[in-house]
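Have a look at the structure below before the remarks.
Predicted, not measured: the structure shown is a model, and the values here were computed from it. Note: hydrogens, waters and symmetry copies are ignored here, and every other heavy atom, side chains too, is used. Residue numbering restarts at 1 for every chain, and letters A, B, ... go by the order of the sequence lines.
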2 protein chains.
Amino acid sequence: MENDLLKKLGTRIREKRKTLGWTQEDLASTAQIDRSYIGSVERGERNLTFTVLCQICTALDCEVAELTVGILELPQ
Amino acid sequence: MENDLLKKLGTRIREKRKTLGWTQEDLASTAQIDRSYIGSVERGERNLTFTVLCQICTALDCEVAELTVGILELPQ
DNA sequence: CTGTGACTGCTAGTCCGTG
DNA sequence: CCACGGACTAGCAGTCACA
């Protein structure tokens with residue numbers, strides 16, 4: 001797929017997860033999503049939907065906005 | 001589908017679009033998305049993907065974070 | 001503990017049209 | 001200008017086995 005935005009988002013999700021000291025399995029079970037799916041999201045391989053993003057953020061106890069600030073390169 | 005999160009998001013997109021004085025068609029062509037799809041997103045009927053959300057935000061010249069702040073009801 | 005490939009059902013997203 | 005429909009294709013959600 002090769003999408004920079006998805007890679008950025010995935011990296012941020014991973015970092016947030018690690019600050020909690022969680023494994024992918026921990027996050028997966030809390031968010032009620034398959035572990036391997038979480039993995040592919042973190043690697044930026046999946047173009048996830050808004051509801052899934054919300055599930056992950058809720059599990060991480062963090063705002064969607066927190067993971068998305070400055071993710072776009074808007075024209076000055 | 002009946003998803004409150006999608007309705008909230010759709011409403012915010014609509015409001016942002018109107019502040020620019022744009023029609024759905026204006027936004028659709030700028031974001032390169034189908035016009036009828038924009039309509040259903042604004043009505044909260046569609047579970048859009050992250051890339052499409054980014055396309056819309058870019059077209060609206062606004063951060064993803066701006067449309068998503070406080071959209072989740074996180075446990076205090 | 002995580003990366004990866006493969007798979008199926010369903011839905012995201014397009015394109016046409018109507019009132 | 002927008003809501004809403006039908007029909008269609010591309011692609012996502014969700015799962016598993018195995019490394």
Figure out the [atom1]/[atom2] separation between [X] and [N], and round it to whole Å.
| X | N | atom1 | atom2 | result |
| --- | --- | --- | --- | --- |
| Q55(B) | dG13(C) | CD | C1' | 10 Å |
| E45(A) | dT15(D) | CD | P | 18 Å |
| I38(B) | dC1(D) | CD1 | P | 16 Å |
| E42(A) | dG3(C) | CD | C1' | 11 Å |
| R43(A) | dG5(C) | CZ | C1' | 11 Å |
| E25(A) | dG3(C) | CD | P | 12 Å |
| N47(A) | dC12(D) | CG | P | 5 Å |
| L48(B) | dG11(D) | CG | P | 16 Å |

- Are the charged groups of E42(B) and R17(B) less than 4.0 angstrom apart, N to O? yes

- Message: Does anything in residues 31-41 of chain B form a side-chain hydrogen bond (donor to acceptor under 3.5 Å, both in side chains)? List the pairs, not counting sequence neighbours.
- Response: D34(B)-S36(B)

- Note on the structure: Expected list for residues 56-68 of chain A near DNA chain C, using heavy atoms below 4.0 Å, is none

Heavy-atom side-chain contact between [X] and [Y] under 4.5 Å:
| X | Y | result |
| --- | --- | --- |
| I38(B) | I13(B) | no |
| R43(B) | L6(B) | no |
| L72(A) | L5(A) | yes |
| E45(B) | K7(B) | no |
| T49(A) | F50(B) | no |
| L9(B) | L67(B) | yes |

- Task: Would you mind building the protein contact string for nucleotides 14-19 of chain C? One character per nucleotide, 5' to 3', B for base within reach (heavy atoms under 4.0 Å), S for sugar-phosphate only, - for untouched.
- Result: BBBB--

- Message: Main chain of N47(B), side chain of N3(B): is a donor-acceptor contact present, judged purely on distance under 3.5 Å?
- Response: no

- With distance as the sole test, does T68(A) use its side chain to make a donor-acceptor pair with the main-chain N or O of I71(A) at under 3.5 Å? no

- Query: So how far off straight is the helix from dT2(C)-dA19(D) to dG19(C)-dC2(D), going by the axes through five pairs at either end, to 10°?
  - Reply: 50°

- dist L20(B):CG -> K18(B):NZ (nearest 0.5 Å) comes out at 12.5 Å

- Query: Hey, what do you get for CZ (R14(A)) to CG (L27(A)), rounding to the nearest 0.5 Å?
  - Reply: 11.0 Å

- Near-strand residues of residues 10-19 of chain A, defined as heavy-atom separation under 4.0 angstrom from DNA chain D: none

- Query: Same cluster for L74(A) and V69(B) if Ile/Leu/Val/Met/Phe/Trp/Tyr side chains link at under 4.5 Å?
  - Reply: no

I'd like a table of donor-acceptor pairs (distance under 3.5 Å, sequence neighbours excluded) in which one partner is a side-chain atom from residues 53-66 of chain A, with atom names and distances.
residue	atom	partner	partner atom	Å
T58(A)	OG1	C54(A)	O	2.7
E63(A)	OE1	G70(B)	N	3.0
E63(A)	OE2	G70(B)	N	3.3
E66(A)	OE2	K16(A)	NZ	3.1

- Message: Taking the nucleotide of DNA chain D with the nearest heavy atom to each, does T49(B) or W22(B) sit closer to the 5' end?
- Response: W22(B)

